[in-house]
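Here is the naming used below: chain letters follow the sequence lines, and residue numbers restart at 1 for every chain. These values consider heavy atoms only, across backbone and side chains, with no hydrogens, waters or symmetry-generated copies.
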There are 2 protein chains.
Amino acid sequence: MDAIDLNIIELLRGNARLSYAELARQVGLSAPAVHERVGKLESSGVIRAYRAEIEPESIGLGVTALIEIIEESAADTDDVLESFRAIPEIESCYFMAGVESFLLKARVGTIGELEALIVRLNRTPGVASTRTGIALSTKWENRPQPVGTPPA
Amino acid sequence: MDAIDLNIIELLRGNARLSYAELARQVGLSAPAVHERVGKLESSGVIRAYRAEIEPESIGLGVTALIEIIEESAADTDDVLESFRAIPEIESCYFMAGVESFLLKARVGTIGELEALIVRLNRTPGVASTRTGIALSTKWENRPQPVGTPPA
DNA sequence: ATGTTCAGATCGATCGCGTCCACGGACTGT
DNA sequence: ACAGTCCGTGGACGCGATCGATCTGAACAT
């Protein structure tokens with residue numbers, strides 16, 4: 001993992017569909033060389049996936065909500081997690097420090113669907129209570145930050 | 001925007017580096033046809049970008065925080081937004097309903113850097129106070145949900 | 001210093017893909 | 001029925017992906 005790898009990563013975060021030839025030109029190596037580097041980054045787990053970023057409204061997901069979950073004191077966190085994982089509307093799931101164990105980012109089509117989701121979450125075994133905030137608009141999301149090797 | 005477009009979108013959300021030929025096979029069209037459809041989806045803004053998803057720890061961004069912002073009553077929201085936009089650590093920014101105007105997702109390398117970020121946010125003109133939650137772990141993030149056209 | 005070894009890059013060649021173009025069929029409105 | 005339009009197909013050509021072989025340079029041991 002050297003400066004060239006970081007360079008490749010930065011380029012692919014900006015545009016995952018760049019060809020190997022184009023990557024090669026930009027980092028100053030040959031195409032097979034970057035091909036091999038990218039392969040290693042993928043198999044070592046540094047590159048997790050390549051995803052198209054879609055405007056959510058256009059696929060009927062106009063409502064974004066952030067939901068904090070407070071667990072019951074006797075809850076099994078792993079079981080709760082598995083329940084959440086089975087709910088497709090939950091796009092992100094963070095395990096948090098603090099009273100609220102989880103923070104979920106969910107996307108649904110309508111406020112009605114959000115209501116159904118919240119009911120479902122509150123009924124989930126191990127969940128004591130929820131607190132939901134609705135995003136009126138998403139200013140930006142998953143903006144890649146420049147990769148400068150951080151201070152030692 | 002028909003079923004084939006949704007199919008293409010779903011495939012590209014799963015793997016943005018699929019070739020047009022492969023996409024064509026999976027949706028049952030010729031390669032030029034999907035090429036044209038993808039081009040239209042891009043220029044109409046449905047497809048915003050293609051991004052490689054990177055394991056944050058491997059590029060020195062091991063600390064994830066979610067920060068709620070309460071604005072001063074006299075604050076100019078647009079100015080506050082521009083200040084936030086200039087801070088690279090802020091990966092996502094939602095404008096929320098409720099007392100807290102914004103919810104930010106930020107990623108930094110160390111707790112020390114997080115402290116510096118919070119100080120910077122609190123000093124930002126228009127910001128009355130902040131409330132920060134630290135993600136102990138990210139269970140998953142930006143999981144694409146299946147695109148079934150939702151009920152009318 | 002010299003030789004050995006190994007990692008990683010380049011070079012060259014082959015195969016498949018991206019991309020442009022002209023043609024053709026279906027649907028719309030008149 | 002006819003003309004216009006949209007959208008897809010098929011062919012062709014040049015470039016890119018990808019494999020194997022060779023080469024270079026660094027690290028280490030003698």
Side-chain angles (χ1 to χ4, degrees), chain A residues 1-61 142 144 146-152, chain B residues 1-61 142 144 146-152:
Chain A
M1 172 70 94
D2 59 5
I4 294 181
D5 282 333
L6 287 175
N7 201 344
I8 291 173
I9 286 172
E10 182 141 22
L11 290 166
L12 286 176
R13 284 217 291 179
N15 180 5
R17 277 181 84 79
L18 285 176
S19 69
Y20 291 114
E22 184 58 30
L23 284 170
R25 273 188 287 272
Q26 303 219 19
V27 303
L29 291 177
S30 66
V34 317
H35 183 252
E36 188 180 345
R37 279 172 178 263
V38 170
K40 285 181 183 169
L41 289 171
E42 289 171 357
S43 57
S44 71
V46 173
I47 297 178
R48 287 213 195 107
Y50 302 97
R51 300 202 181 288
E53 191 183 302
I54 305 297
E55 190 189 35
E57 295 79 14
S58 61
I59 51 173
L61 296 174
N142 300 121
V147 293
T149 27
Chain B
M1 172 70 92
D2 59 5
I4 294 181
D5 281 333
L6 288 174
N7 201 344
I8 291 172
I9 286 172
E10 183 140 23
L11 289 166
L12 286 176
R13 284 216 294 177
N15 180 7
R17 277 181 83 80
L18 285 177
S19 69
Y20 292 115
E22 184 59 32
L23 284 170
R25 275 188 285 272
Q26 302 218 20
V27 304
L29 264 64
S30 66
V34 315
H35 183 250
E36 188 180 343
R37 278 172 179 264
V38 170
K40 284 181 183 168
L41 289 170
E42 288 170 359
S43 58
S44 70
V46 173
I47 296 179
R48 286 213 196 107
Y50 303 97
R51 298 199 184 290
E53 191 182 301
I54 305 297
E55 191 190 31
E57 294 80 13
S58 62
I59 52 173
L61 296 175
N142 298 125
V147 294
T149 26

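When the local axes at the two ends of the helix from C/dA1-D/dT30 to C/dT30-D/dA1 are compared, using 5 base pairs at each end, they differ in direction by 30° after rounding to 10°.
Straight-line distance from the CZ atom of B/Arg17 to the P atom of C/dG16: 20 Å, rounded to whole Å. The CG atom of A/Asp2 sits 13 Å away from the C1' atom of C/dA7 (whole-angstrom rounding). Computed from coordinates, the A/Glu36 CD to D/dC19 P distance equals 11 Å when rounded to whole Å. One atom, CD of B/Glu22, and another, P of D/dA17, lie 16 Å apart when rounded to the nearest Å. For B/Leu18 and C/dG16, the CG to P distance is 18 Å, given to the nearest whole Å. Between the CG atom of B/Leu29 and the P atom of C/dG25 there is a distance of 18 Å, given to the nearest Å.
Ranking C/dC20, C/dC17, D/dT18 by closeness to the B/Ser19 side chain, first place goes to C/dC17. The side chain of A/Ala33 lies closest to C/dA9, out of D/dG16, C/dA9, D/dG10. With D/dG16, D/dC7, C/dT19 as the choices, the nucleotide that has an atom nearest any side-chain atom of B/Lys40 turns out to be D/dC7.
A donor-acceptor distance shorter than 3.5 angstrom exists from the side chain of B/Arg51 to the backbone of A/Arg13, with no hydrogens or angles considered. A/Arg17 places a side-chain N or O within 3.5 Å of a backbone atom of B/Leu18 that can act as its donor or acceptor partner.
Between B/His35 and the phosphate of C/dT19, there is a side-chain N or O to OP1/OP2 separation shorter than 4.0 Å.
A pairwise comparison of heavy atoms in A/Ile54 and A/Ser58 identifies CG2-OG, 4.0 Å as the closest pair.
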field: Evaluation steps, side chain to side chain contact (heavy atoms under 4.5 Å, CB included), between A/Gln26 and A/Val34
entry: CA-CA 10 Å; A/Gln26 303 219 19; A/Val34 317; over 6 Å; no

query: Please walk me through it: do B/Leu12 and B/Leu23 pass side chain to side chain contact (heavy atoms under 4.5 Å, CB included)?
result: CA-CA 9 Å; B/Leu12 286 176; B/Leu23 284 170; 4.0 Å; yes

task: Could you walk me through whether B/Glu10 and B/Leu6 pass the side chain to side chain contact (heavy atoms under 4.5 Å, CB included) test, one step at a time?
output: CA-CA 6 Å; B/Glu10 183 140 23; B/Leu6 288 174; over 6 Å; no

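Contact annotation: the side chain of B/Arg37 approaches that of B/Leu29 to within less than 4.5 Å [non-hydrogen atoms, C-beta and beyond].
Residue B/Ile4 is the one, among B/Ile4 and A/Pro32, whose nearest nucleotide of DNA chain D lies closer to the 5' end (criterion: closest heavy atom).
Heavy atoms of A/Arg25 sit under 4.0 angstrom from primed sugar atoms or phosphate atoms, though from no base atom.
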